[in-house]
Amino acid sequence: MTNYVKYPLKAKPNSVQQSLKVVTAMPRKPIELPQIEYMSILDEDAVVDKALEPKIAEEELKNIYRYMLLARRTDERMLMMQRQGRLGTFPQSSGHEAISMGSCIHLKKSDWHVPAYRELAGLLYRGWSIDSTLLYWNGFEEGARPPEGVNDLPVCVPIASQLLHAAGIGMGMNLRGEKGVVMTYFGDGASSEGDTHEAMNFAAVYQAPVVFMCLNNQYAISVPLSKQMRNATLAQRAIAYGMPGIRVDGNDVLAVYVAAKEAVERARAGEGPTLIEGLTYRFTPHTTADDPKRYRSEEECNLWTKREPLNRFKKYLLNKGVYTEAQLTALEEELDAEIKAAIARTEAAAVSEELSNPLAMFDYLYADMPPYLNEQREELKSHLEKQKAKAGKSPQHASGTAR
Amino acid sequence: MTNYVKYPLKAKPNSVQQSLKVVTAMPRKPIELPQIEYMSILDEDAVVDKALEPKIAEEELKNIYRYMLLARRTDERMLMMQRQGRLGTFPQSSGHEAISMGSCIHLKKSDWHVPAYRELAGLLYRGWSIDSTLLYWNGFEEGARPPEGVNDLPVCVPIASQLLHAAGIGMGMNLRGEKGVVMTYFGDGASSEGDTHEAMNFAAVYQAPVVFMCLNNQYAISVPLSKQMRNATLAQRAIAYGMPGIRVDGNDVLAVYVAAKEAVERARAGEGPTLIEGLTYRFTPHTTADDPKRYRSEEECNLWTKREPLNRFKKYLLNKGVYTEAQLTALEEELDAEIKAAIARTEAAAVSEELSNPLAMFDYLYADMPPYLNEQREELKSHLEKQKAKAGKSPQHASGTAR
Amino acid sequence: MALMNMAKSINLALFEAMERDERVIVMGEDVGPDEGVFRITEGLFHKFGEKRVLDTPLAESGIVGTAIGMAMYGMKPVCEIQFSGFDYYSFHQLECHASRFRNRTRGRLSVPMVMRAPYGGGIRALEHHSESREAIYAHTPGLKVVIPSGPRNARALLHSAIQDPDPVIYYEPKAIYRLFKEEVPEKMETLPIGQSNIVKEGKDLTIISYGASLRAALEAVELLEEEDGVKAELIDLLTIAPLDATLIVESIKKTGRAVIVHEGPRTCGLGAEVVARVNEAAFLYLEAPIRRVTGFDTPIPYFSKERFYLPDAERVVAACRETLSF
Amino acid sequence: MALMNMAKSINLALFEAMERDERVIVMGEDVGPDEGVFRITEGLFHKFGEKRVLDTPLAESGIVGTAIGMAMYGMKPVCEIQFSGFDYYSFHQLECHASRFRNRTRGRLSVPMVMRAPYGGGIRALEHHSESREAIYAHTPGLKVVIPSGPRNARALLHSAIQDPDPVIYYEPKAIYRLFKEEVPEKMETLPIGQSNIVKEGKDLTIISYGASLRAALEAVELLEEEDGVKAELIDLLTIAPLDATLIVESIKKTGRAVIVHEGPRTCGLGAEVVARVNEAAFLYLEAPIRRVTGFDTPIPYFSKERFYLPDAERVVAACRETLSF
Ligand SMILES: Cc1ncc(C[n+]2csc(CCOP(=O)(O)OP(=O)(O)O)c2C)c(N)n1
Ligand SMILES: Cc1ncc(C[n+]2csc(CCOP(=O)(O)OP(=O)(O)O)c2C)c(N)n1
Ligand SMILES: [Mg+2]
Ligand SMILES: [Mg+2]
């Protein structure tokens, strides 16, 4: 026998914690359940509920507004670019800025941000460049590379799957005794996926410091809430996992701010996960390929567009004297210039040698490239070289197959 | 243009039902939620709560008891057989009879029964022979063949996956305007699977007539409830789906009976699905391969064994004069003979030409056997024939590989 | 006869199948008023209503799992997974159940369902929207897998799939949904599952392909004829499982050489299986190694570079020339 | 040196890995106080406690998905799926994420995790407890797949898998967990992923196998030597992806004939890939078609008949004789 096997072989029988007492009194009686609240602070006319209004430092208020605005303007510009064929299909983030910024503003740099795909405001705030967004939606993996030192996962396409990564990161913090918070995002449609259930349950069981932010924009592409679920709110799903839950007006950045602050504080204090439902509306098409007229009325859309988050927050800031109109105009100009510069940079980068090299598809798959992959790389390389040589002779480009 | 394409091409825009009103009053306020109850009627000393006691016809009471007892005795006999090497590993059903019989007794023949794997009582009641159970756990597909005219699915091994089939059957009933109920079963461990979430949500959205019976026996193999979930009860998960939920004493067949009756009535009335949690205990090992001493104390197990469902129901029936002791002894003898006869029959059948033909593995995969499968069948057939010819010469059997 | 593209002919088949058999229902994400993200279910919701065209919650296992239940209940669900890149979410339901219920119950129950999904690259879509992993289904006993390559066979194959008593995976090469039109006969047709098609006869070598890659193969056949005077025989598999091994083997017995073209990853892909079958059944006829022109063993790159991943006519021609000069 | 069976040597590797690297954690259903349904995690919970040995809720996607998160967070999760027949539940997490994060983020993030699962038949288990579907993982770019065949290589391979910077599927042939013992050196060993092993040299034909099937292959090698005087070379793949094509091809260049043996279904299985690679790289050396002795294209039957499904020495010998007399 060696040293290696001289460890104790038998585990002590686990003393099971029976959290469940058997109720022996017989009459039917209600089980005690936690409450789920609804909260709104800043209404659509920018009227604020003074009792609930959070005290936010001016710098922070400006930061929140800045990134909400930057995201909005970037999104609008991207839409134009997409229409001009300068970008691929993408899901607009407009209208979702309050949920994104009201929550991720509470994160420290070392905390983790695990987005779905409508958190452009949060990504920009966390340190992702406008460039990466433009690259990502233009079909470049380089746009999915998180900046150095930023603890973010990139945009996640397979719905709800990222929630498990968030839960895992939170579990990791707990297991290693490291303080931190994970903020993760998902839609009302995503709530139906099995992974959402498993993620919330894992986070609850391990009391992982995860804030589950649900962007309830009332549609999953064309499918309305009423066909997505029978329950009246998503927030009440928290009861299923024994975690706190709350529904807020998702167009009210102050309400999101307060709910997220409470959740983040609980998470930091070791009190586990929270589910926050932000009720909002996707007043844009699902993606630039979608036609919402097929499945919803313009009246409904108009009604909700009026409730969008950016304008009411702007009014609030003006009322509060955080900004003057002139300052806001200057800010618009500053951001516009930022966006334009980013567009110019990425359109140049996209055709650069570095970013246009197809052989990169082999280069990052494994830490060390296995031989067969190298063979395939060589195969493609020599094919491309032959094509190049041929193209030198004839003007017809090689990739002209029907597709 | 042909006839085939002359159908209307444009759907009317869907008038979205907004079940969600926007609350504009600002203060934080609680969302209204349904209540979840706990119910017990017959306690472990067979004391009955007269106010809640259901009126059950004597024949029905006898039927319930008969199948609970038949399942228990079959299970016990199977354990002996397993120890003798006459059966494979199997999960005992003992202790789960009240949940099974208290619920499936409400099904009509045309209703559907979708078990997990501890519903032996229900299977026998629904018309499955003892033989099929013996065959199934002895490695014969024939034991998974539902009897003609019985709308049951067989035992399901991949945890929670059957719940979606149940939801689908219930959806089918609704879509086709056919009346019916689906009763389906799953464990506390199964509640963590994504499929469980998706099944309950689908059933709720389509208001499918499904009763989700959760056998909460407080363990998933070795994993106790406290590591499975953070929520205090499984019944409260019903709130997550906007369906009624209730927790009952799962060792109390009367409580199960009442809760299931209400659920079945709602389902038949078109009022959709219900979640019923039966709180019980797995006082046996998980399967015959399991050693519960590794993970729980004998005290805990003893405590719960005393609460098991059969004995208290027997006392109730004796107290009520439904049975005399002598009648019960006769019943025991009758069932014992039934079981013994089934064992004799299946042990003979197992070695019959029909059941021992390995070529059957090819014969039921598709309605029509594809050519390549036929080739593989021929391959095995000729191999077996060669082996047989050889075995005629030497006593060494062919399948003597190391495994 | 009517001239139509493949998106339309698949839609037509759904319409016809729903008209002739009221057990047929269509379900999936956005298949209702939205009529599918590719508009494949156009008109169906309007015509057949919400009892036969189901917008489902966003849950693939839920879609496939409830479809299995409905199929056992006596219906014929045709469920759509919005993109094949998300059908892994429901793979366990297909593997553990759809493919097994008949066998498990010794023929007493069956699962006559169809799972449709757009697959493959070529439309500048996002990550996870361009996968081609049909080999996983082909490797799963109890399933059948068909892949059309044009309007007419798409309609006929879908009818066959819906009429089949067993579960069928119907993968739609989305790159060619609207690429070209074809005459589709007025009368409903079927196409036997398990039979491949010789698109063009030839004697010098056999090119085997299916789905959108068939376009590259067709182009290659023409280039080879024009530039090299080579007469290639082109086989369109149409059914991926069970393979029409007889047709393939007979062709290769004639030509002695073969190239197989598909866009899924190479390792353990369909190409490997074709090579193995030919090796077993026509070893002595082979005059050169069979070459595989396939997607590489990497995820298909984001769309700025997907065209380098997908087999094109030039790669096929190059492989054919190597095979011919072996 | 210590004599131990494979269940023990895997357990030893876990123990050693956890001792030397505190980032290593073990998670799965019943891996804690119960020590795993096959007792592979024996002693770990007692020694390392509940922060490093996690009994999880019953949810495979949850297990794999949270492991991915932990791996990106800087840990090295070794997660157990109780039986490979249930790993389809989590396949989407592996396909969409574990295998892709490094590529997707151009090397910025990585997922150094191991997914262990007992696989294969031979222990009289229930339906879904005897599957052998490793080809699905081999077909998935971005994953590595290793399968040990005995105590010593099991321990070494598990160390390699845990130390690997990328996700590794570690499939354990459960039929041989306790079938035999072997000397396992005191000193921790690794075994390079991607390298196969010549178990026995020979010149007349090459038998390629892995996992539990290797036992049948070994037996066949002996029978062939005894009864036919044939010297077969036996290759144990050990790594299924990436394949050690060089070793395989070199052997076949020497012998000219090959038989591949595995228990998974034939169509699009590992055997097909081996045939295709050899066809590409050693066509002119082949003197007979490569034969595949595999599980059939059916679900593995319930246990009363599973032995007819699993390749045994007699089927291997028969295939070798056909190959030799071709
Ligand atoms: C697993 C999976 N299934 C389907 C899709 C296709 N898809 C992309 S977005 C979307 C709707 C998502 O709705 P929701 O979660 O409400 O988010 P929203 O787009 O409204 O923000 C669907 C079905 C996907 N990306 N992943
Ligand atoms: C998908 C899946 N994962 C794992 C298993 C292995 N397994 C069989 S039973 C079981 C525990 C089930 O616990 P629970 O749902 O509480 O049912 P119980 O056995 O207690 O009745 C496990 C993990 C399985 N059969 N299916
Ligand atoms: Mg939404
Ligand atoms: Mg249990």
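Throughout, protein chains are lettered first and strands after them, A, B, ... in sequence-line order, and every chain is numbered starting at 1. All heavy atoms count here, side chains included; hydrogens, waters and symmetry mates do not.
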Counting heavy-atom pairs under 4.5 Å with chain A, which one of B/Ile31, B/Val258, B/Val205, B/Ile246 comes out on top?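 The residue among B/Ile31, B/Val258, B/Val205, B/Ile246 with the greatest pair count is B/Ile31.
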For the candidates B/Ala238, B/Ala240, B/Gly194, which exhibits the highest count of non-hydrogen atom pairs separated by less than 4.5 Å from chain A?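 Looking at each of B/Ala238, B/Ala240, B/Gly194 in turn, B/Ala240 comes out on top.
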Can you check whether A/Leu33 reaches B/Ile36 side chain to side chain, under 4.5 Å on heavy atoms? yes
For B/Ser192 and A/Asn201, work out which heavy atoms get closest and say how close.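 Closest approach of B/Ser192 to A/Asn201: OG-ND2, 3.2 Å.
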Do you know which two heavy atoms are closest between A/His197 and B/Tyr241, and how far apart they sit?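 Reported closest heavy-atom pair: ND1-OH, 4.4 Å.
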Do NZ/NE/NH1/NH2 and the carboxylate oxygens of B/Arg28 and A/Glu262 come within less than 4.0 Å?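 Result for this pair is yes, salt bridge flagged.
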With only heavy atoms counted, which part of B/Leu234 is less than 4.5 Å from chain A, the side chain, the backbone, both or neither?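 Neither part, no heavy atoms under 4.5 Å.
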Is it the backbone or the side chain of B/Ala204 that comes under 4.5 Å from a heavy atom of chain A, or both, or neither?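 Both backbone and side chain.
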I'd like to verify something: which residue of A/Gln35, A/Gln207, A/Glu32 has the highest number of heavy-atom pairs under 4.5 Å with chain B? A/Gln207
Taking atom [atom1] as the centre, does [X] end up with more than 12 heavy-atom neighbours from other residues, nucleotides or ligands that are less than 6.0 angstrom away?
| X | atom1 | value |
| --- | --- | --- |
| A/Arg230 | CZ | no |
| B/Lys315 | NZ | yes |
| A/Glu298 | CD | no |

For a side-chain contact (heavy atoms from CB on, under 4.5 Å) check, start with the C-alpha distance between B/Glu37 and A/Lys29, then their side-chain angles and the critical distance, and finish with the verdict. CA-CA 5 Å; B/Glu37 290 183 323; A/Lys29 56 179 201 185; over 6 Å; no
From B/Arg237 CZ over to A/Ile239 CD1, what is the distance, rounded to the nearest 0.5 angstrom?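 Result: 12.0 Å between the selected atoms.
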